[in-house]
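Throughout, a chain's letter reflects where its sequence line sits, starting with A, and its residues are numbered from 1. Because the structure is predicted, anything quoted here is derived from the model rather than measured.
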Protein chains: 2
Amino acid sequence: MIRMSKLADYGVVIMATMARERQPLDATVNARDLSEKAHIPLPTVGKILKALCRGGLLVSHRGPRGGYALARLASEITVLDIISILDGPVGLTDCTVAPLGACEMEATCPVRSPWHMINRRVLDALRGLTLHEMIDSTNILDKRP
Amino acid sequence: MIRMSKLADYGVVIMATMARERQPLDATVNARDLSEKAHIPLPTVGKILKALCRGGLLVSHRGPRGGYALARLASEITVLDIISILDGPVGLTDCTVAPLGACEMEATCPVRSPWHMINRRVLDALRGLTLHEMIDSTNILDKRP
DNA sequence: TTATATAGAACAAATTCAGTCCTATTGCTG
DNA sequence: CAGCAATAGGACTGAATTTGTTCTATATAA
Ligand code: FES
Ligand code: FES
C-alpha cells in the first residue's frame, strides 16, 4: 500500500498544529488541548507526543500547567525527522534500508542501484520540507521547477 | 514503516529480470524459469505475473511453450506502473489518495497542501525511472544535479 | 500535600500481508 | 482426438504489523 503509518501521519499533523499554536514562545501545550485541536483521540496523541519527546523533537514539562513545546525552531524540524522517529528509517524497500551485506543477492541484483537513487529522491523530498514552511501559508508550496 | 509491499518489490525484480532476459524479441518466459532466475518461490511469481498481466504490462501465452512477454518496450514501462498495479495508488498518506471531500478536515487541514507537494515528488521519482534505464548498466544512475 | 500532567510499558483487537493451493481454461503436440 | 503443459482466477490460512487503550509510576506546580 506504500503508506506511512497513521501514527506518523498524525505525528505530522500534531507537530504542525503545535508550531502554529505556539504564539507566545516557550508556551507549552498539553496533550488534551492538542487532541481537541487536531481531532485525534487523547490516548493516541499522548503516545505520539511521548515518542516525539524521546526522539528529541519536543521537550516536556510535567505537573500542573505542564505540556510540550518544540525543542527547536520550526524551521529546523523537517518532515523526515518526524517520520523517522515514529516509523523508523525511511525506505521503499527492505534492501535499501538493510545494512550492506544483509541481502544475499547484492552482487547480482538488477535493481539495487536504481532503488538507491529513487530512495534518495524520496528522502530529499521529505527532508526538504520544514515545519515552518508547512505552516507558512504565504509560501507558495506548489511551485516547482 | 513506509515500505511498499513485498509483492511490489518482487514485481520490480521480476520485470527487470524479464527485460534483461528478452534477448530474442517476443520470446516468452514461463513462470518456472523466472522463479529460478529471480530466486522467488514459484507460486508467488505466478501470482505476481498474473496481476501484471491483468494490469496490461505483460501479455500471456497459454499452453505448452507458453509464458509471458512484455506488452511494451522496456523504455515505455516505469517503476510507477509496476507498483501501482501491485500495490494500488501510490501515496504516502490516505488523504492524498482519497477523493476530494472524503476527509472532513479538508478545509482547515494544515498539512494537506504540503503533502500533495511531497507526494508529487515521490510520484515523479517513480515515474522517472523506466525498466530500460534500470537494466542498462552503462547508464550511470547515481548522477544527480 | 494534593491535583495535574507526562513516562513508559504492557495489552487486546483489527487490519494487512505473504504465501499456498485448488479448479477452470486455453492451446500445443503426438 | 486425447493428453499434457502452462496460465487464469479466486479462496484460504497463518503471520506480522498496526492501532488504540489502559495501567502504574514519576515529576511538579500551587
Ligand atoms: S534484493 Fe537485496 S540487494 Fe537487491
Ligand atoms: S487530514 Fe485529511 S485533508 Fe488533511
Rounded to the nearest 0.5 angstrom, the CG-CG distance for Asp81(A) and Leu126(A) is 10.5 Å

Whole angstrom value for the distance that separates C1' of dA11(D) from NZ of Lys50(B)
12 Å

Roughly how many Å is it from CG in Leu49(A) to P in dT4(C), rounded to a whole number?
20 Å

Tell me the closest heavy-atom pair linking Asp87(A) and Ser5(A), and the distance in Å.
OD1-OG, 2.6 Å

Comparing nearest nucleotides in DNA chain C, the 5'-proximal residue of the pair Tyr68(A), Lys47(A) is Tyr68(A)

Find the distance between CG (Leu86(B)) and CD1 (Ile14(B)) and round it off to the nearest 0.5 Å.
8.5 Å

Pro64(A) side-chain proximity, nearest of dT28(D), dA5(D), dA6(D)
dT28(D)

Rounding to an integer number of Å, can you tell me how far Ile14(A) CD1 sits from dT6(C) C1'?
14 Å

Separation of dA5(D) C1' from Arg62(B) CZ (nearest whole Å):
12 Å

Mapping Leu7(A) and Arg65(B) onto DNA chain D by nearest heavy atom, which one lands closer to the 5' end?
Arg65(B)

Name the nucleic acid region contacted by Lys6(A), choosing base, sugar-phosphate or nothing; use a 4.0 angstrom heavy-atom cut-off, strictly under.
sugar-phosphate

From C-beta outward on Tyr10(B), which listed nucleotide comes closest to its side chain: dT19(D), dG19(C), dT4(C)?
dG19(C)

For the pair made of CD1 in Ile48(B) and P in dT20(C), what is the distance, rounded to whole Å?
11 Å

Test salt bridge (Lys or Arg N to Asp or Glu O under 4.0 Å) applied to Arg3(B) and Asp9(B), step by step
CA-CA 9 Å; Arg3(B) 297 286 141 76; Asp9(B) 191 350; over 6 Å; no

For Asp9(A) and dT18(D), give me the distance from atom CG to atom C1', rounded to whole Å.
14 Å

I want to confirm an ordering. Mapping Arg54(B) and Leu42(A) to their closest nucleotides on DNA chain D, which one lands closer to the 5' end?
Arg54(B)

With heavy atoms under 4.0 Å as the rule, sort Gly46(A) into base, sugar-phosphate or nothing.
nothing

Atom pair distance, as rounded to whole Å: CG in Asp94(B) and C1' in dT18(D):
13 Å

Roughly, in whole Å, what's the span from CE in Met4(B) to C1' in dA18(C)?
15 Å

Report the C-alpha distance between Arg127(A) and Asp124(A) in whole Å, list the side-chain angles of each, state the deciding distance to 0.1 Å, and finish with yes or no for salt bridge (Lys or Arg N to Asp or Glu O under 4.0 Å).
CA-CA 5 Å; Arg127(A) 188 164 30 223; Asp124(A) 284 346; 3.0 Å; yes

